[in-house]
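Reading through the structure tokens given below for one structure.
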Amino acid sequence: MLLVKGKVKSVYKPGNEPKSVFIEYHDKITAGNGEKEDYPVGKGSLCCQISSILFDKLEEFGIKTHYIRQIGPNKMLCKELDILPLEVIVRNRAAGSIVKTTTIQEGQPIIPAIVEFFLKDDSKQDPLLTRDRVKLMGIDPMPLVEQASNINEYLLNIFNLIGFDLIDFKIEFGVDAHGELYLADEISPDSMRLWDKNTQSKYDKDLFRNDEGDIVPAYRTILSKLQSTFI
Ligand code: TYD
């Protein structure tokens, strides 16, 4: 049964697995709130496999994630959660919206990294939230900041080992019936910025956003480097 049809993924409720969902990653990419889209062959399975490896590694480091196991090239079984209506963004260097909306220059290091909250609501154009507003929405931002900062440290190390600078990334969280917090959604080059350490060339969705190249070979490079280093 289809539960949610997102822009690039669908969430289904399997008949035989209580408290779980399966998430299907489509061969689809969108940008600018869905204004721009394309259907790159193989992209769904690349993002699913990259996410699976990263969720597995984060679990090894003690981060609670919704990931259970991969059940097909572009499908993963996950815990069923209530997803918080927040996009949590961690920035190690300035790029994207922080450059567009401030005086900060692209590429400027952000030390220590910052954690920002955006409302997850396309109809309201996903505005930047203050921590006070997050509290007023009934969500304590502090455990999210702490988890996001820990996740950042692990991801920085993982990508450093395969030769990439992790510029920024977006994550989402969900809670189970006991109020326990889990990392949810996906972690892939669709939701992060990755620059080659030597050349500073892009290996992420900016290639598509800015018409700067084909994402499939870039995502394939990330996957094969993760596989050869961590599997
Ligand atoms: P940000 O710079 O705030 O926005 P944009 O990508 O529109 O310039 O994004 C920071 C990081 O979070 C970047 O790696 C893209 C990712 N992200 C998403 O995956 N989904 C989103 O809806 C947003 C706003 C960002």
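This one's a predicted model, so the numbers in the text were calculated from it and none came from an experiment. Because only heavy atoms are used, hydrogens play no part in the values below, and waters and symmetry mates are left out as well, while side chains stay in. In each ligand, atom 1 is the first atom listed, and ligand 1 is the first ligand listed.
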**OP:** Applying side-chain hydrogen bond (donor to acceptor under 3.5 Å, both in side chains), run through N92 and N152 and close with a yes or a no.
**Re:** CA-CA 9 Å; N92 295 302; N152 184 43; 2.9 Å; yes

**OP:** If you have a sec, work out which protein heavy atom is nearest atom 25 (C) of ligand 1 and how many Å separate them, to one decimal?
**Re:** I89 CD1, 3.8 Å

Original post:
Is there at least one pair of N or O atoms, one from R193 and one from ligand 1, spaced under 3.5 Å apart?
Top reply: yes

Subject >> Residue, atom name and distance, where the atom is the protein heavy atom closest to atom 1 (P) of ligand 1 >> reply: S97 OG, 3.4 Å

Subject >> Contacting atoms of ligand 1, where contact means under 4.0 angstrom from a heavy atom of R91 >> reply: 1 (P), 2 (O), 3 (O), 10 (C)

Subject >> Electrostatic pair D196-K202, nearest N-O below 4.0 angstrom >> reply: no

**OP:** Find out whether V175 and E180 are in side-chain contact, i.e. whether some heavy atom of one side chain is under 4.5 Å from a heavy atom of the other.
**Re:** no

Original post:
Do any non-hydrogen protein atoms sit less than 4.0 Å from atom 19 (O) of ligand 1?
Top reply: yes

**OP:** Run the ring-centre check on Y203 versus F164 and record whether the distance is less than 6.0 Å.
**Re:** yes

Subject >> Close approach of K120 to ligand 1, heavy atoms, under 4.0 angstrom >> reply: no

Original post:
So is R209 in contact with ligand 1, going by heavy-atom distances below 4.0 Å?
Top reply: yes

Original post:
Out of D122, D204, D168, D185, whose heavy atom is nearest to atom 10 (C) of ligand 1?
Top reply: D168

Original post:
At a 4.0 Å threshold, what atoms of ligand 1 neighbour a non-hydrogen atom of G96?
Top reply: 2 (O), 8 (O)

**OP:** Taking side-chain hydrogen bond (donor to acceptor under 3.5 Å, both in side chains) as the test, write out the residues that go with E60, two or more places apart.
**Re:** K57

Subject >> Test: R193 and D165 ion pair at under 4.0 Å >> reply: no

**OP:** Check E87 against ligand 1 and report side chain, backbone, both or neither, counting heavy atoms closer than 4.0 Å.
**Re:** side chain

**OP:** Output the list of atoms in ligand 1 that are nearer than 4.0 Å to some heavy atom of M192, sorted by atom number.
**Re:** 14 (O)

Original post:
With a 4.0 Å heavy-atom cut-off (strictly under), which part of K170 contacts ligand 1: side chain, backbone, both or neither?
Top reply: both

Original post:
Could you go step by step and tell me if Y25 and E186 meet the side-chain hydrogen bond (donor to acceptor under 3.5 Å, both in side chains) rule?
Top reply: CA-CA 9 Å; Y25 289 63; E186 79 175 277; 5.0 Å; no

Original post:
Hey, does P85 have a side-chain heavy atom less than 4.5 Å from the side chain of M137?
Top reply: yes

**OP:** For A95, take its heavy atoms, then give the atoms of ligand 1 lying under 4.0 Å from any of them.
**Re:** 2 (O)

